[in-house]
Number of protein chains: 2
Amino acid sequence: MPDLIHDGDSAAAVSSLRSAVMLLGRRLKHQRVDESLSPTEMSVLGTLARCGSATPGELARKEHVQPPSMTRIVALLEAKGLVRLEPHPDDRRQKMVSQTEQAEAMLAESRTKRNAWLAQLAEGLDEDEWETLRAAAPVLEKLAHL
Amino acid sequence: MPDLIHDGDSAAAVSSLRSAVMLLGRRLKHQRVDESLSPTEMSVLGTLARCGSATPGELARKEHVQPPSMTRIVALLEAKGLVRLEPHPDDRRQKMVSQTEQAEAMLAESRTKRNAWLAQLAEGLDEDEWETLRAAAPVLEKLAHL
DNA sequence: GAGTGGTATTTAGTTTGGGTAATGAGTTAC
DNA sequence: GTAACTCATTACCCAAACTAAATACCACTC
């Protein structure tokens with residue numbers, strides 16, 4: 001196994017990555033498209049859009065949140081008509097959570113608004129820098145889900 | 001001005017970037033080296049390490065938190081002996097915040113532990129992916145501070 | 001088929017970390 | 001010298017996560 005991150009450059013990169021991710025994350029929290037939806041609620045909708053449907057437990061693991069938190073989030077989303085809860089076919093302990101059409105529409109709108117915000121931010125980057133970021137996006141996503 | 005992010009690929013990258021940053025940010029929050037230090041407190045120490053010293057107001061702007069939050073953070077850091085407060089030379093309203101030697105030592109230890117955590121995560125990436133991320137780190141940091 | 005151990009979700013209560021509004025002290029401009 | 005502004009702070013509030021405990025269900029053993 002290559003000793004990926006134990007040289008000086010990579011150590012610096014790790015530090016840089018960490019602080020940038022945390023700072024950007026904090027700023028993104030304030031850019032919510034729908035004031036009534038928390039960042040994690042948005043993220044759950046995103047996950048459902050990718051994965052189809054899932055149980056609360058699966059969602060909690062994917063979002064790295066404790067099960068009770070996911071219970072609350074799912075309940076709020078259901079109250080807003082953004083997800084549907086159905087009984088699990090094989091296991092009556094579990095539930096199946098899936099998004100509604102309303103959620104899909106909201107996600108599309110949200111994507112547009114988020115892009116506008118990031119576009120404004122990205123105007124401070126030059127073409128090369130943006131290209132670098134574009135290449136890194138899928139890798140970052142993979143890393144986040146490891 | 002180049003229309004950086006309005007093609008399909010870039011829109012996808014933006015979405016990907018956002019969810020990855022938020023998820024990674026949430027996971028990083030849990031990887032605190034010192035249980036008694038919040039992520040933002042760590043981030044403030046990092047900023048001080050880079051910038052030397054700063055006033056609470058400057059720190060608040062750099063970390064994108066409100067001044068009262070920074071007051072509280074600085075007070076906690078001072079109580080832990082990690083920062084020193086001195087009167088501002090020219091303006092008696094302001095204060096100068098700088099890190100102590102103890103903070104420097106803690107940051108070094110923290111860096112080691114963080115690297116270990118990220119190393120474990122990064123083992124799921126191949127060499128090319130890590131290289132991509134390494135290149136992106138400074139750009140992400142620039143973006144976060146724009 | 002009753003009992004036991006384990007898992008999924010939920011309920012209740014707590015912590016935390018940040019925000020807004022209002023205050024006090026100090027500076028700057030007129 | 002006073003009015004307007006800025007920096008830091010104080011007091012209060014809220015959102016969103018957590019832990020621990022309770023409930024409902026499954027699976028396996030005897």
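Order of the sequence lines fixes the chain letters, A, B, ..., with proteins taken first and strands second; residue numbering starts at 1 for each chain.
- With sequence neighbours left out, B/E131 forms a salt bridge (charged side-chain N to carboxylate O under 4.0 Å, His left out) with B/R134.
- The list of salt bridge (charged side-chain N to carboxylate O under 4.0 Å, His left out) pairs with a residue in residues 65-76 of chain A, not counting sequence neighbours, is empty.
- If you measure from atom CD of A/Q66 to atom C1' of C/dT10, you get 14 Å, rounded to the nearest angstrom.
- For C/dG17, the base has no donor-acceptor partner in the side chain of B/R72 [N/O atoms by modelled type, under 3.5 angstrom].
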message: Let's go through B/L140 and A/L140 carefully: what are the C-alpha distance in whole Å and the side-chain angles of both, what is the deciding distance for side-chain contact (heavy atoms from CB on, under 4.5 Å) to 0.1 Å, and is it a yes or a no?
response: CA-CA 11 Å; B/L140 257 181; A/L140 256 181; 3.7 Å; yes

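- One can place CE of B/M42 at 18 Å from P of C/dT16, the figure rounded to the nearest angstrom.
- At a threshold of 4.0 angstrom between heavy atoms, the contacts of A/T71 include nucleobase atoms, whether or not backbone atoms are also involved.
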Output side-chain donor-acceptor pairs under 3.5 Å for residues 81-89 of chain A, partner residues at least two apart or in another chain, one line each.
{"from": "A/R84", "atom 1": "NH2", "to": "A/E101", "atom 2": "OE2", "distance (Å)": "3.4"}
{"from": "A/H88", "atom 1": "ND1", "to": "A/D90", "atom 2": "N", "distance (Å)": "3.1"}
{"from": "A/H88", "atom 1": "ND1", "to": "A/D91", "atom 2": "N", "distance (Å)": "3.2"}

field: Under 4.0 Å protein heavy-atom contacts per nucleotide of nucleotides 24-30 of chain C, with B for base, S for backbone only and - for none
entry: -BBS---

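- Shown here are the salt bridge (charged side-chain N to carboxylate O under 4.0 Å, His left out) partners of A/E58, two or more places apart in sequence or in another chain: there are none.
- A heavy atom lying under 4.0 Å from DNA chain C marks the following residues of residues 44-64 of chain A, by number: A/T55, A/P56, A/G57.
- Listed by chain and residue number, A/R26 satisfy the salt bridge (charged side-chain N to carboxylate O under 4.0 Å, His left out) test with B/E63 (two or more places apart in sequence, or in another chain).
- Residues that satisfy the side-chain hydrogen bond (donor to acceptor under 3.5 Å, both in side chains) test with A/E129, not counting sequence neighbours, are B/K142.
- In summary, contact between chain A and DNA chain D, defined as any nucleotide atom under 4.0 Å from a heavy atom of the protein, begins and ends at D/dA16 to D/dC26 in the 5' to 3' direction.
- Each of B/K95 and A/S38 was assigned the nucleotide of DNA chain D with the nearest heavy atom; the assignment lying further toward the 5' end belongs to B/K95.
- Listed by first and then second residue, the salt bridge (charged side-chain N to carboxylate O under 4.0 Å, His left out) pairs involving residues 38-51 of chain A are A/E41-A/K80 (not counting sequence neighbours).
- Applying the side-chain contact (heavy atoms from CB on, under 4.5 Å) test to A/P68 and every residue at least two apart in sequence or in another chain returns A/Q66.
- Residues satisfying the side-chain contact (heavy atoms from CB on, under 4.5 Å) test with A/L59, not counting sequence neighbours, are A/V44, A/T47, A/L48, A/A54, A/M70, A/V74, A/V97.
- The minimum heavy-atom distance linking B/V65 with B/S69 is given by the pair CB-CB, 4.2 Å.
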